[in-house]
Amino acid sequence: MKKWTNPRLMLIASMTIFGTIGLFVRNISVSSGELALYRAVLATLLLGSFFLLTGQKIPFSNIKKEVPLLLTSGIAMGINWILLFEAYKYTTVSAATLSYYFAPVIVTIVCPFLFHEKLTKKQILCFAMSTLGLVMITGIGDSKGGNDLIGIMFGLGAAVFYATVILLNKFIKNVEGLHRTFLQFIAAIVVLLPYVLLTSGITLGNLNTVGWINLCIVGLFHTGITYCMYFSSLKELPGQKAAILSYIDPLVAVLISVTILGESMTPWQIIGGIFILGFTLWNEI
């Protein structure tokens with residue numbers, strides 16, 4: 001049992017699972033907003049059941065001041081999911097994921113302004129080279145079409161909101177990881193429900209058996225269970241080790257995109273992906 005509760009193995013497992021989400025999203029024939037809503041609802045139900053079974057209570061009296069931040073970060077999380085799922089519809093899983101992983105670069109650039117951290121020459125170089133990698137992924141000079149570029153822009157938009165979640169979480173000090181995630185899921189539901197009702201509406205009745213199975217996997221497994229594993233492991237691991245292991249996610253996504261989904265990448269996109277992941281990883285180290 002100890003072997004499976006090892007924080008390093010839990011983080012490796014959660015990052016590997018996160019990397020496979022694009023494979024399942026492709027089989028769920030609902031709008032991106034609807035999918036994000038169901039993902040949040042299923043994960044909230046699972047986490048809520050976990051808290052009830054373990055007798056855990058959320059200390060609302062201690063977190064009153066941070067509720068606005070939790071709500072804002074939950075809204076950003078919901079928008080982030082919508083944009084990422086849209087990216088999967090327009091471009092390859094690999095291009096969408098690599099664009100999405102521009103988020104740490106955005107955090108690096110914004111932190112000096114928000115937290116008065118010094119921006120080093122190394123960080124400036126990493127930002128420049130990662131940006132060059134993003135330009136190469138968009139396929140400038142070797143583009144496969146307008147849809148590809150639209151998908152990459154959605155991926156980059158998702159990265160902006162993912163970076164927003166990361167930055168807002170830096171201000172949240174008094175809420176534990178799982179409690180924080182649970183409240184963020186609830187906030188995401190609050191903003192996603194009216195958005196879905198005003199746009200696509202509820203179309204669950206149109207899902208076939210395969211769609212239902214994939215939806216349950218994304219909501220319960222990729223979100224509920226895997227988020228529990230992810231945050232539980234983060235508490236036990238040094239920040240640098242956790243940051244390095246997080247790069248398993250995009251690597252798995254790219255491998256699945258190429259080997260299972262049969263999606264191609266141009267040589268420029270491959271080099272661009274190496275630039276984004278390589279220089280962002282070097283920045284973490």
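Remember, predicted model here, so these are calculated numbers, not experimental data.
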Subject >> From M153 atom CE to D148 atom CG, the distance as rounded to the nearest 0.5 Å >> reply: 10.5 Å

Exercise answer: donor-acceptor pairs, residues 156-164 side-chain atoms, under 3.5 Å, sequence neighbours excluded:
{"residue": "T164", "atom": "OG1", "partner": "V160", "partner atom": "O", "Å": "2.8"}

**OP:** Name all pairs fulfilling the salt bridge (Lys or Arg N to Asp or Glu O under 4.0 Å) condition that reach into residues 77-101, sequence neighbours left out, sorted by first residue then second.
**Re:** E86-K89

**OP:** Check each of I28, V25, N80 against F85 using the side-chain contact (heavy atoms from CB on, under 4.5 Å) test, and report the only one that passes.
**Re:** V25

Original post:
Nearest heavy-atom pair of A13 and M229: which atoms, and what distance?
Top reply: CB-CE, 3.6 Å

Subject >> Pairs where residues 164-192 contributes a residue and the test ring-ring contact (aromatic ring centres under 6.0 Å, His included) is met, not counting sequence neighbours >> reply: F51-H179, F51-F182, W81-F185, F115-F171, F185-Y227

Original post:
Can you check whether L167 reaches V107 side chain to side chain, under 4.5 Å on heavy atoms?
Top reply: yes

Original post:
So how far is it from I124 CD1 to I109 CD1, rounded to the nearest 0.5 Å?
Top reply: 7.5 Å

Original post:
If you look at every heavy atom in Q269 and S264, which pair is closest and at what distance?
Top reply: OE1-O, 4.4 Å

Subject >> Neighbour count above 12 (heavy atom, 6.0 Å) for Y90 OH >> reply: no

**OP:** State, with a plain yes or no, whether a side-chain heavy atom of I202 is found less than 4.5 Å away from one of L197.
**Re:** yes

Under 3.5 Å, side-chain donor or acceptor atoms of residues 130-137 against the rest of the protein: list the pairs with distances, not counting sequence neighbours.
{"residue": "S130", "atom": "OG", "partner": "C126", "partner atom": "O", "Å": "2.8"}
{"residue": "T131", "atom": "OG1", "partner": "F127", "partner atom": "O", "Å": "2.7"}

Original post:
For residues S94 and E263, is any side-chain donor paired with an opposing acceptor at under 3.5 Å?
Top reply: no

Original post:
If only atom types and distance count, is the side chain of T226 paired as donor or acceptor with the main-chain N or O of T223 below 3.5 Å?
Top reply: no

**OP:** First locate atom CG of L84, then atom CG of L35, and finally report the distance between them rounded to the nearest 0.5 Å.
**Re:** 9.5 Å

**OP:** Check for a donor-acceptor pair, side chain of T203 on one end and backbone N or O of N206 on the other, with a separation under 3.5 Å.
**Re:** no

Original post:
Atom CG of L98 and atom OH of Y101: how far apart are they, to the nearest 0.5 Å?
Top reply: 10.0 Å

Original post:
What pairs with Y195 under side chain to side chain contact (heavy atoms under 4.5 Å, CB included), at least two apart in sequence or on another chain?
Top reply: I82, T199

Original post:
For the residue pair A40 and A188, what are the closest heavy atoms and their distance?
Top reply: CB-CB, 4.3 Å

Original post:
Could you walk me through whether S200 and V30 pass the side chain to side chain contact (heavy atoms under 4.5 Å, CB included) check?
Top reply: CA-CA 9 Å; S200 63; V30 297; over 6 Å; no

Original post:
What distance separates S99 OG from L83 CG, expressed to the nearest 0.5 Å?
Top reply: 12.0 Å

**OP:** List for me each residue that meets side chain to side chain contact (heavy atoms under 4.5 Å, CB included) alongside V41, sequence neighbours excluded, and say none if there are none.
**Re:** L37, L45, I189

Original post:
Looking at S257 and T92, what are the two nearest heavy atoms and their distance?
Top reply: OG-CB, 4.1 Å

**OP:** Report yes if the side chains of T91 and I150 come closer than 4.5 Å at any heavy-atom pair, otherwise no.
**Re:** no

**OP:** Measure the shortest side-chain to side-chain distance between I21 and Y88 over non-hydrogen atoms and say whether it is less than 4.5 angstrom.
**Re:** yes

Original post:
Shortest non-hydrogen contact from E34 to L204?
Top reply: OE2-N, 3.7 Å

Original post:
Among the clusters formed by ILVMFWY side chains lying less than 4.5 Å apart, do L261 and L255 turn up in the same one?
Top reply: no

Subject >> Side-chain heavy-atom pair T266, I270 within 4.5 angstrom cut-off >> reply: no

Subject >> Residues forming a side chain to side chain contact (heavy atoms under 4.5 Å, CB included) with L70, sequence neighbours excluded >> reply: I63, I172, V175, R180, L183, Q184

**OP:** Could you note down all residue pairs passing ring-ring contact (aromatic ring centres under 6.0 Å, His included) where residues 21-41 supplies at least one of them, sequence neighbours left out?
**Re:** F24-H222

**OP:** Measure the CG-CD1 distance between L168 and I75 for me, rounded to the nearest 0.5 Å.
**Re:** 10.0 Å

Subject >> Closest heavy-atom pair and its distance - A187, G74 >> reply: CB-CA, 3.8 Å

Subject >> salt bridge (Lys or Arg N to Asp or Glu O under 4.0 Å): pairs with one or both residues in residues 38-56, sequence neighbours excluded >> reply: none

Original post:
Residues sharing L71's hydrophobic cluster, by side-chain heavy-atom contacts under 4.5 Å among ILVMFWY, directly or via others?
Top reply: V67

For residues 207-221, which side-chain donor-acceptor pairs fall under 3.5 Å, sequence neighbours excluded?
{"residue": "N208", "atom": "OD1", "partner": "V210", "partner atom": "N", "Å": "3.3"}
{"residue": "N208", "atom": "OD1", "partner": "G211", "partner atom": "N", "Å": "2.7"}
{"residue": "N214", "atom": "ND2", "partner": "V210", "partner atom": "O", "Å": "2.7"}

Original post:
Residues in side chain to side chain contact (heavy atoms under 4.5 Å, CB included) with L125, at least two apart?
Top reply: M129, W282

